[in-house]
Number of protein chains: 2
Amino acid sequence: MEMAQDRELVEQWRDIQSAYFRTAGAIDRELEAKFNIGLNEFEILDLVADNADACRMKQLGQRTPMTQSALSKVVDRLQKAGLISRQSCEDDRRSLFLELTDAGRALHADAAVAHRTLLQENLSQPS
Amino acid sequence: MEMAQDRELVEQWRDIQSAYFRTAGAIDRELEAKFNIGLNEFEILDLVADNADACRMKQLGQRTPMTQSALSKVVDRLQKAGLISRQSCEDDRRSLFLELTDAGRALHADAAVAHRTLLQENLSQPS
DNA sequence: TGTCATTAGATGACACGTCATATAGATTGA
DNA sequence: TCAATCTATATGACGTGTCATCTAATGACA
């Protein structure tokens, strides 16, 4: 027997899902169309842009729900796209520093505007 | 220049993402471990269980953020797992009715309990 | 009735995420 | 100093989602 409380829970969950998919989808489509990068790529750019320098992969991993291997592959793509560079790190040669390239910084500046705009449009919207 | 309002937006967005990933991940792992189905499979089972009979693919598509083709493949898997059956529909032979098998109904009953429990644990939690 | 457009659903190529594992460097302790 | 262990990151096999397209059935209209 389904309880009323259960229905509320399920509805709350659907709201979260719906907000998430609507927003993520909208951002992803626009970033893809205008800047040729996906949402995950943008979020990494955004984190790296924020941390300026001294940004290790490991630290990034803690600021995103992405898996370590997903992160590694996203960075691969960003690097292939010439938006980010991996700098090997002297005091621990297993680590890598990430740094935006000039192209990366430029693209991030524009994409961030689109990103914030879409967040605003979608998060304030009724579910 | 980054505005304070933007930071709030981005934080709100991260909260949604985090709630979504934490909850979806927890449910998915548990359903996978105990019942050998994923979250999407469960959600379809759950919708079909709710709609009882007269449940067309098309209608399902409107109640989930899944793509039509994703839905088709999820139903494939559920059918292969013997949990659901596709019944062809007399008055429109392009349509299909979906129906839980006995195994499907049994699994859904158990899985729904786990599902609701995990929703409760995760949605009430602080982000 | 015959053609054209539309609709329900399936499918194949492809992209991406995940898990398990590999690799290489760091650290510990005998 | 060597072996064992641990840690940071990369990689390959695999599953699943997406987009574009296909097929078959329906509807509309001349």
Side-chain angles (χ1 to χ4, degrees), chain A residues 17 20-22 24-33 36-45 47-48 54-81 84-99, chain B residues 17 20-22 24-33 36-45 47-48 54-81 84-99:
Chain A
Q17 283 187 308
Y20 178 74
F21 282 118
R22 176 167 35 76
I27 298 176
D28 200 64
R29 278 187 296 277
E30 178 137 338
L31 291 177
E32 203 73 66
N36 205 37
I37 62 174
L39 176 53
N40 280 347
E41 279 79 9
F42 173 78
E43 303 211 317
I44 295 309
L45 275 189
L47 286 172
V48 175
C55 184
R56 290 180 168 84
M57 296 281 286
K58 193 69 203 310
Q59 302 169 327
L60 273 190
Q62 294 164 340
R63 301 188 191 288
T64 152
M66 263 180 265
T67 303
Q68 179 265 320
S69 84
L71 177 58
S72 177
K73 292 179 184 187
V74 168
V75 172
D76 274 358
R77 275 173 254 140
L78 288 171
Q79 189 171 25
K80 273 177 198 139
I84 225 177
S85 73
R86 285 167 158 112
Q87 315 272 347
S88 72
C89 165
E90 278 317 303
D91 60 276
D92 182 346
R93 260 172 305 186
R94 294 167 305 180
S95 287
L96 291 174
F97 286 116
L98 300 181
E99 218 175 70
Chain B
Q17 284 186 307
Y20 177 75
F21 282 119
R22 176 167 35 75
I27 298 175
D28 199 65
R29 278 187 296 278
E30 178 137 337
L31 291 176
E32 202 73 66
N36 205 36
I37 63 174
L39 175 53
N40 280 348
E41 280 78 9
F42 173 78
E43 304 212 316
I44 296 308
L45 275 189
L47 285 172
V48 175
C55 184
R56 289 180 168 85
M57 296 281 287
K58 192 72 202 309
Q59 301 169 326
L60 273 191
Q62 294 164 341
R63 300 190 191 287
T64 152
M66 261 179 268
T67 303
Q68 179 265 320
S69 83
L71 177 58
S72 177
K73 292 178 183 188
V74 168
V75 172
D76 274 357
R77 274 174 254 140
L78 288 170
Q79 190 171 24
K80 273 177 197 139
I84 224 177
S85 73
R86 285 167 158 113
Q87 316 271 348
S88 72
C89 165
E90 278 317 303
D91 61 275
D92 183 344
R93 261 171 304 187
R94 294 166 304 178
S95 287
L96 291 175
F97 287 117
L98 300 180
E99 217 175 71

Is it true that, when you exclude A:Arg63 itself, more than 12 heavy atoms of the residues, nucleotides or ligands shown sit nearer than 6.0 Å to its CZ? no
Count the heavy atoms of every other residue, nucleotide or ligand shown that sit under 6.0 Å from CZ of B:Arg93, and state whether that count exceeds 12. no
Whole-Å distance separating the [atom1] atom of [X] from the [atom2] atom of [N]:
| X | N | atom1 | atom2 | result |
| --- | --- | --- | --- | --- |
| B:Arg94 | D:dG27 | CZ | P | 7 Å |
| B:Asn36 | D:dG15 | CG | P | 12 Å |
| B:Glu43 | D:dG17 | CD | C1' | 15 Å |

For D:dA8, does either OP1 or OP2 sit under 4.0 Å from a side-chain N or O belonging to A:Lys58? yes
Ignoring backbone atoms, test whether A:Ser69 places a side-chain nitrogen or oxygen under 4.0 Å from the OP1 or OP2 oxygen of D:dA10. no
DNA chain C: first to last nucleotide in contact with chain A (atom under 4.0 angstrom from a heavy atom), 5' to 3', is C:dC16 to C:dA26
Sugar-phosphate, base or nothing in reach of A:Arg29, heavy atoms under 4.0 Å: nothing
Side chain of B:Val74 - closest among D:dT26, D:dT11, D:dG17: D:dG17
What nucleotide, of D:dT11, D:dT16, D:dA10, holds the atom closest to the side chain of A:Lys73? D:dT11
Between B:Arg77 and B:Gln68, who's closer to the 5' end of DNA chain D by nearest nucleotide? B:Arg77
Would you call the rings of B:Tyr20 and A:Tyr20 parallel, tilted or perpendicular if under 30° counts as parallel and over 60° as perpendicular? parallel
